[in-house]
Amino acid sequence: MQMEIKPGELLSQINSPDDLKKLKVEQLPQVCQELRQYIIDVVSVYGGHFGASLGVVELTVAMHYVFNTPYDQLVWDVGHQAYGHKILTGRRDNFYTNRKKDGLSGFPSRNESEYDTFGVGHSSTSISAALGMAIASNLKGEKTRQHIAIIGDGAMTAGIAFEALNNAGAMDSNLLVVLNDNCMSIDPNVGALKDYLTDVTTSHTYNKFKDETWKLLGKISKIGPNAQEFASKLNHSIKALMLNQSNLFESLKFRYFGPLDGHDVIRLVRVFQDLKSIPGPKILHARTIKGKGYKPAEEDQTKWHSPGLFDKVTGKIHKSTNAAPKPPKYQDVFGHTIVELAKMNPKIVGITPAMPSGSSMNIMMKEMPDRAFDVGIAEQHAVTFSAGLATQGMVPFCNIYSTFMQRAYDQVIHDVCLQNLNVVFTLDRGGLVGADGATHQGSFDMAYMRILPNIIVSAPMNEEELRNLMFTAQEENMGPFSIRYPRGEGVMIDWRMPFKKLDIGKGRKISDGGDIAILSIGHPGNFVVKANEILRENEVYAAHYDMRFVKPLDTSILKEVFSRFKNIITVEDGCLTGGFGSAVLEWAMDNGHTSHNVKRLGIPDEYIEHGEPLDQYKQIGIHPEGIVKAVEEMLGVKVRWGVIS
């Protein structure tokens, strides 16, 4: 049931940026206060990302007040900063549907609104996209059109951001980069760039001259056609004042402005109005606080990145009241297991690109800080860094979300597999991830990994198998090794079993039967077990095989299955195109098994939108209900059963 959440007096009148522009600039602080409160009110009840959007409220209001959106184009980076943007651009009354099935996307989406100029579920793409838009505007003769990339939450640490800055600095484009500098991604930012930005902010030289600089800048809007000449003189003056301190962005031929308080909305309005008059690539450095305006989120920014439902008054995050023991999350099994293995094997190191808490690598970072590395939002670097470690005899466990591993695919091919290096890829969030939706679904990793020479591709059905695959992967001379597992809880309460080395390319038979064979890979094998219980109650007997490995396939199981059964089902939570089921069909064709009836269940050739994971599994037919239905269709039987949870 929808809970009515009323916006404040001014916010209730804003259905578009045009309405915002009707207000006096002195009213904008109140708009910011009401917008921030509305985000708190809605997210506390309905869930979603939290701290990032609170931190950019003033930037959001100021940009929509000054720029002529959607003609002037805002590109958000990363997308979970954009809740305020959505509320101000006609989606206020539907905001409660954010991340829900058939509701608003949790990220900007071109399919959702003309104000969402670019889809930005993954980070660090804004400067490249905005530059492309700016060059296109030049080619079309739209000389006054503005293009603004708002980059924050650690996104500037990614290689693509620097590639875009390097390219943009040499272009005559009307591009403004707004650096939302809050020293955070999900976890605190790391690396030399973070230290550099901190040095800029605390520099006595910068602080000595910035007030005078802003006073000069404030005159630009009054200069008219001589603005370019004035900006050039100002630029040279700043450089002359700062001979003893280089500026990274100036060296890339960006005009640099800042740092300034990203929560002073009136000053931001004045600055954005002035920056509109300055041609060419420029960057505004704004210091903000992630979680601004909600004390618990300011004090623990990692925890409040996406806290779930909470009491907005007390700050207490709601948790399940079920006192019964629950299986652990797969990510926590990984986090504790790598520490166990690292204590046994001094060669093991851990690597994650800016996701220590999300992947549970933070457990190793706390216990073994010299052997666990957060490299920032830099998946390509994470993979090749791991490859370098492997050349020296180390065994790197490179933990990357499945959807983010896509960003480092060439490094997997060229730097790891081609050289046959023992890098262990532990791919978190494999399969369907729920509310994060299409941009974050781990759909493709089994397909894109299995086509590569030298690599072992695996997926555990439960926590014990995850531990044993990790144990096996760190054995001598294993080469490239991929282990993928889903988001969320596993199925075992007692999961800390002794380690056991698994035979590469060998699966296991879970149950026997004579009517049909079901081959599963990974966690969906548990759905097959539940479906099989219903089938057996109806005297339909399926043989179920947990294959464990997509590459190499267990050919002994395949020979048994294709010799015994006419009807065969494959089940996976990866894409059907090129995935596990395709691998089985390829083997069947290569070995002359052309007369069998094989049905593949998995993610179809489409992007699965946001919603609850259970609904997503039902949608693609790999929930127990869908598996039973597939058996019914193949065997021509009717099963009597209730709804399986």
Side-chain angles (χ1 to χ4, degrees), residues 1-5 7 35-36 38-57 60 76-113 115-116 118-123 153 185-186 290-291 294 297 302-312 317-320 329 355 357-358 401-404 428-429 431-443 486-489 603 606-620:
M1 181 177 178
Q2 179 190 347
M3 178 183 294
E4 184 178 9
I5 298 175
L35 180 58
R36 181 171 277 114
Y38 191 69
I39 293 172
I40 293 170
D41 290 345
V42 174
V43 176
S44 67
V45 174
Y46 293 101
H49 290 103
F50 188 61
S53 283
L54 292 185
V56 295
V57 163
T60 304
W76 290 92
D77 185 351
V78 288
H80 54 240
Q81 298 183 100
Y83 285 8
H85 160 80
K86 292 197 173 202
I87 292 167
L88 294 177
T89 54
R91 289 165 279 184
R92 181 194 62 231
D93 294 341
N94 290 330
F95 183 58
Y96 74 94
T97 70
N98 186 49
R99 293 163 54 92
K100 303 294 188 295
K101 181 176 173 57
D102 299 324
L104 297 178
S105 169
F107 306 99
S109 168
R110 284 171 55 82
N111 295 327
E112 188 176 290
S113 171
Y115 291 93
D116 294 356
F118 202 73
V120 285
H122 291 185
S123 78
D153 261 28
S185 51
I186 293 177
K290 190 170 182 177
Y294 190 69
T302 297
K303 179 179 178 181
W304 287 88
H305 174 77
S306 182
L309 309 186
F310 60 94
D311 186 317
K312 67 182 181 182
I317 296 174
H318 299 313
K319 296 182 179 179
S320 173
K329 293 181 179 179
M355 301 301 292
S357 59
Y401 288 10
S402 167
T403 186
F404 299 147
D428 199 340
R429 270 63 166 180
L432 301 177
V433 298
D436 281 337
T439 59
H440 282 60
Q441 310 287 20
S443 304
R487 180 178 189 173
E489 295 175 359
I603 300 175
E606 61 188 70
Y607 291 103
I608 306 300
E609 297 296 340
H610 47 283
E612 291 298 322
L614 180 61
D615 292 333
Q616 292 174 337
Y617 285 131
K618 287 182 177 180
Q619 177 182 341
I620 67 171

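For this chain, numbers begin at 1 and follow the sequence in order. None of these values were measured; they are calculated from a predicted model.
- Counting heavy atoms from C-beta outward, Lys290 and Leu54 have side chains that stay 4.5 Å or more apart.
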Requested in this report: Check step by step if ring-ring contact (aromatic ring centres under 6.0 Å, His included) holds for His440 and His122.
Outcome: CA-CA 8 Å; His440 282 60; His122 291 185; 5.7 Å; yes
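- Atom NZ of Lys100 sits in a crowded spot, with more than 12 heavy atoms from other residues, nucleotides or ligands closer than 6.0 Å.
- Ring geometry for His49 versus Phe107: interplanar angle of 30 to 60°, hence tilted.
- Annotation: side chain of Val45 is not in contact with side chain of Leu309 (no heavy-atom distance under 4.5 Å).
- The shortest distance between side-chain heavy atoms of Gln619 and Ile608 falls below 4.5 Å.
- Considering all non-hydrogen atoms of both residues, His610 and Gly103 come closest at NE2-O, 2.9 Å.
- Ring-centre distance between Phe50 and Tyr83: not below the 6.0 Å cut-off.
- Arg92 contributes atom CZ, which lies 9.5 Å from atom CD1 of Ile87 (distance to the nearest 0.5 angstrom).
- Considering only residues two or more places apart in sequence or on other chains, Glu112 meets the side-chain contact (heavy atoms from CB on, under 4.5 Å) condition with Lys86, Arg91, Leu104, Ser105, Ser109, Asp116.
- Side-chain contact between Ile5 and Tyr96 is absent, with no heavy-atom pair separated by less than 4.5 Å.
- Judged as a side-chain contact (heavy atoms from CB on, under 4.5 Å), and not counting sequence neighbours, the contacts of Glu609 are Ala438.
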